[in-house]
Visitor: 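Here it is, the structure, as structure tokens.
The figures that follow rest on heavy atoms only: side chains count, while hydrogens, waters and symmetry mates do not. In what follows, every chain begins at residue 1, and chains take the letters A, B, ... in the order their sequences are listed.
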Amino acid sequence: MTVRTRFAPSPTGYLHVGGARTALFCWLHARHHGGQFILRIEDTDRERSTPEFEADIIEGLTWLGLAPDEGPIRQSDRLELYARYVARLMEAGRAYHCYCTREELDAMRDAQRAAGEKPRYDGRCRHRTEPRPGVEPVVRFRNPDDGEVVVDDLIRGRMVFANAELDDLVIMRADGAPTYNFSVVVDDLEMAITHVIRGDDHINNTPRQMNIFAALEAPVPAFAHVPMILGPDGQKLSKRHGAVSVTQFREEGFLPDALVNYIARLGWSHGDQEVFSRDELVALFDVADVNRAASVFDNDKLLWLNQHYIQRASAAELAPALAPHLRRLGLDLDGGPALGDVVEVQRDRAKTLVEMADKSVFAFRQPTAFDEKAAGKHLRGDAAPVLRALREAIAGIESWTGDALHEAVEATAGACDVKLGKVAQPLRVALTGEGASPAIEKTLLLVGREQTLRRIDHALDWIAAEVGR
RNA sequence: GUCCCCAUCGUCUAGCCAGGUCAGGACAUCACCCUUUCAAGGUGGCGACGCGGGUUCGAAUCCCGCUGGGGACGCCA
């Protein structure tokens, strides 16, 4: 039987890292077994579902390289299908109309809670034969009263639930829309899903769904419940933990491969290996190896992996990814150095593309001001003669190459009888406005001859004005 | 409250199923090296089996209890 997995988010929020990891595991499991990965949009809650969230989810998955083989399939397009299955259950006596009002149900639950019981529907409409005027009925599934449901989870092993703990859940709302626990079963069945891989917040739903599968006389798929991802405070991940939306990671300058690698290692491992290519993940991933315990999202480790991927990515793929971040800073990329050159110079010095862009502004625009500390330390009166000598040496360079520039800087240090730092630092501040930048010859290379001379002149003027005060 | 799940360094984890290792790796952190700045890189340090009972010659590993954490209990998914 062909392995078929599905990722089934509800478009009531952005694609967050927890969902992305579930999607990744589904995708990996399907790929590993040569099967299909399907995207299903669970939008039966018309109140909260929005097209924007659906678009964000698809965009996030695409960016991560987890495009589905089938879908998106929307549950809102299949209402008729669910109605047919409800009719089947009604005929078989496995479902019934319930006319209870919300007020009645609330009162019932309050009473149960007060008595220290688990709140649940008591089945009061099970034997009702007459409709209740003025009340549109819902349909409830008639859950078995006795016996137990055994879930053989691929990750957790055997879990046993007593049917006595389960109640008759609503499977169709008064407006005819199915509820989650029902549409899931119908769709997993209709779509021939073989493996249901989802968050462990669904564990309690599983026995109910298995009972519905049984009532439909349908084969039950295999289940695998993956643990949750927690924020740094050990609480469920949410907006207040910073970047939770996948598209936001893109905006913050993360590479999709880095995020995928990080997320894969969160709750799953293969010995001591930390870095995995896409192909390795597909080859090595086994859902049975997924951990049972929840894990905490560690931004530092993601940052480390991102840097790792930046260091190894080709300039050809990094340059176009960097461009939007530079443009966001208002830079005109046409007048500056080739982005590939910028990437090569900066790849060891930035953990994100945003950081890389921030540190590369000098290559495209003369700094508007000198950093106070850097200027105070390096653009003093004694730097003037050195800068003048440097200007001369640089102006006379024939080929504008790293070697020639390096040589010129060293020669100047020798001629002025000062240490290299006494030459490189003033020059660095003159060129970038700051005390830190790539190796001086690489900085020169990116700035270019014309701009270099102009910026040295500007620094000399600045020193003269400063000394005169 | 009831039901379900979980428990190794600060964090991600290996080891657990088939008991015997100085409990291994990675991130972070600290120190040193390299160095024209900042990085990157290299070397080293600190750092964990939640607690209590069993079983056993021997327990991170098997069993029980406790504690702690999480999830679920909707005409949300």
Side-chain angles (χ1 to χ4, degrees), chain A residues 8-13 42-45 47-49 98 100 102 105-106 109 112-121 136-140 151 153 156-157 159-162 164-167 169-175 177-181 183-184 198-207 225 227-228 230 232 234-236 262 265-275 291-305 307 311 346-351 359 374 378 406 409-410 413 419-425 427-429 432 434-441 443:
Chain A
S10 71
T12 53
E42 309 229 333
D43 57 354
T44 55
D45 182 352
E47 302 270 302
R48 298 193 297 162
S49 300
C98 170
C100 293
R102 302 197 189 234
L105 295 173
D106 286 346
R109 290 187 190 111
Q112 287 164 335
R113 245 183 254 272
E117 289 166 30
K118 182 174 179 173
R120 59 171 189 243
Y121 185 66
E136 276 300 311
V138 297
V139 178
R140 285 186 187 271
V151 182
D153 193 276
R156 277 150 218 280
M159 296 184 282
V160 181
F161 298 81
E165 289 292 332
L166 276 23
D167 63 355
L169 66 154
V170 172
I171 57 176
M172 185 164 277
R173 301 177 172 93
D175 67 359
T179 59
Y180 167 73
N181 276 301
S183 53
V184 169
R198 67 199 347 176
D200 70 7
D201 46 337
H202 286 286
I203 284 181
N204 292 281
N205 292 322
T206 306
H225 290 95
M228 313 235 60
L230 275 23
Q235 297 296 112
K236 195 170 174 175
Y262 176 73
R265 272 292 279 104
L266 207 57
W268 174 85
S269 62
H270 180 74
D272 287 338
Q273 191 170 343
E274 296 287 351
V275 179
N291 245 281
R292 283 184 284 274
S295 41
V296 174
F297 191 87
D298 182 8
N299 212 260
D300 282 335
K301 189 153 184 181
L302 170 61
L303 242 17
W304 170 76
L305 263 175
Q307 177 168 54
Q311 287 173 325
Q346 300 284 38
R347 65 189 334 151
D348 277 342
R349 358 177 32 89
K351 291 186 193 305
K359 287 183 169 174
H378 302 296
H406 184 78
V409 173
E410 278 202 325
K419 287 192 169 181
L420 207 48
K422 284 286 179 192
V423 181
Q425 282 307 93
L427 177 56
R428 191 184 312 280
V429 179
T432 70
E434 287 170 62
S437 84
I440 198 65
E441 63 273 13
T443 301

Visitor: If we take the C1' atom in both B/rU43 and B/rC34, what is their distance in whole Å?
Guide: 11 Å

Visitor: Quickly work out the A/Leu305 CG to B/rA28 P distance and round it to whole Å.
Guide: 10 Å

Visitor: Contact class for A/Pro207 (heavy atom, under 4.0 Å): base, sugar-phosphate, or nothing?
Guide: nothing

Visitor: Can you name the residues that form a salt bridge (charged side-chain N to carboxylate O under 4.0 Å, His left out) with A/Asp272, not counting sequence neighbours?
Guide: none

Visitor: Classify every nucleotide of nucleotides 3-14 of chain B by which part a protein heavy atom approaches to under 4.0 Å, writing B for the base, S for the sugar-phosphate alone and - for neither, in 5'-to-3' order.
Guide: SSSSS---SBSS

Visitor: Taking donor-acceptor contacts at under 3.5 Å, does the side chain of A/Asn205 reach the base of B/rA72?
Guide: no

Visitor: Could you pick out which residue, A/Ser10 or A/Ala350, lies toward the 5' side of RNA chain B when each is mapped onto its nearest nucleotide?
Guide: A/Ala350

Visitor: Taking any heavy-atom pair under 4.0 Å as a contact, classify A/Glu42: base, sugar-phosphate, or nothing.
Guide: sugar-phosphate

Visitor: With A/His270, which residues qualify under ring pair (Phe, Tyr, Trp, His ring centres under 6.0 Å), at least two apart?
Guide: none

Visitor: For nucleotides B/rU29 and B/rC12, find the distance between their C1' atoms and express it as a whole number of Å.
Guide: 16 Å

Visitor: I'd like to know if A/Lys118 and A/Glu165 make a salt bridge, using a cut-off of under 4.0 Å between side-chain N and carboxylate O.
Guide: yes

Visitor: Indicate the atoms forming the closest heavy-atom contact of A/Thr44 with A/Ala177, along with that distance.
Guide: O-CB, 4.3 Å

Visitor: Between B/rU61 and B/rC16, how many Å separate the two P atoms, rounded to a whole number?
Guide: 12 Å

Visitor: Mind calculating the distance between CG (A/Asp300) and C1' (B/rA26) to the nearest angstrom?
Guide: 13 Å

Visitor: Separation of A/Met172 atom CE from B/rG74 atom C1', in whole Å?
Guide: 17 Å

Visitor: Taking the P atom of each, how far is B/rA23 from B/rG50, in whole Å?
Guide: 15 Å

Visitor: Nearest 0.5 Å, what's the SG-OH distance between A/Cys98 and A/Tyr121?
Guide: 3.5 Å

Visitor: Answer with base, sugar-phosphate or nothing: what part of the nucleic acid does A/Val170 contact at a heavy-atom distance below 4.0 Å?
Guide: sugar-phosphate

Visitor: Scan every strand shown for a Watson-Crick or G-U wobble partner of B/rU61, both distances under 3.5 Å, and answer none if you come up empty.
Guide: none

Visitor: Provide the distance between the two C1' atoms, one in B/rA26 and one in B/rC4, to the nearest whole Å.
Guide: 33 Å

Visitor: Can you tell me how far C1' of B/rG68 sits from CG of A/Leu230, to the nearest Å?
Guide: 14 Å

Visitor: Rounded to the nearest angstrom, tell me the gap between atom CZ in A/Arg198 and atom P in B/rG71.
Guide: 17 Å

Visitor: Does a nitrogen or oxygen in the side chain of A/Thr44 sit under 4.0 Å from OP1 or OP2 of B/rA77?
Guide: yes

Visitor: Nearest-Å distance, CG (A/Asn181) to C1' (B/rA77)?
Guide: 9 Å

Visitor: With sequence neighbours left out, what residues match A/Val170 under side-chain contact (heavy atoms from CB on, under 4.5 Å)?
Guide: A/Val138, A/Arg140, A/Thr179

Visitor: Could you pick out which residue, A/Met228 or A/Ala436, lies toward the 5' side of RNA chain B when each is mapped onto its nearest nucleotide?
Guide: A/Ala436

Visitor: What's the NZ-C1' distance between A/Lys351 and B/rA28, to the nearest Å?
Guide: 10 Å

Visitor: Once salt bridge (charged side-chain N to carboxylate O under 4.0 Å, His left out) is applied, do any residues pair with A/Lys422, and if so which ones, sequence neighbours excluded?
Guide: none

Visitor: Tell me, please, which residues at least two apart from A/Phe161 pass ring pair (Phe, Tyr, Trp, His ring centres under 6.0 Å).
Guide: none

Visitor: Measuring to OP1 and OP2 of B/rG74, would you say a side-chain N or O of A/Arg109 lies under 4.0 angstrom away?
Guide: yes

Visitor: So what does A/Ala8 hit on the nucleic acid, given a heavy-atom distance under 4.0 Å: a base, only sugar-phosphate, or nothing?
Guide: nothing

Visitor: In terms of side-chain heavy atoms of A/Arg102, which of B/rC75, B/rA40, B/rA28 is nearest?
Guide: B/rC75

Visitor: Please name the pair of heavy atoms, one in A/Thr12 and one in A/Ser49, separated by the smallest distance, quoted to 0.1 Å.
Guide: CG2-N, 3.9 Å

Visitor: Determine which nucleotide pairs with B/rA7, using a 3.5 Å limit on both distances of a Watson-Crick or G-U wobble pair.
Guide: B/rU67

Visitor: Tell me the interatomic distance from A/Gln307, atom CD, to B/rC27, atom C1', rounded to whole angstroms.
Guide: 12 Å

Visitor: When you compare B/rC49 with B/rC57, how far apart are their P atoms, in angstrom units rounded to a whole number?
Guide: 26 Å

Visitor: Using the side-chain heavy atoms of A/Trp304, tell me which of these nucleotides is nearest: B/rA26, B/rC75, B/rG1.
Guide: B/rA26

Visitor: Report which part of the nucleic acid A/Gln311 touches: base, sugar-phosphate, or nothing (heavy-atom distance under 4.0 Å, all strands).
Guide: sugar-phosphate

Visitor: Work out how far the P atom of B/rC51 is from that of B/rG10, and round it to whole angstrom.
Guide: 13 Å

Visitor: Taking N and O atoms by type only, does the side chain of A/Arg428 place a donor or acceptor under 3.5 Å from a partner on the base of B/rU36?
Guide: yes

Visitor: Rounding to an integer number of angstrom, what distance separates B/rA72 and B/rC66 when you compare their P atoms?
Guide: 24 Å

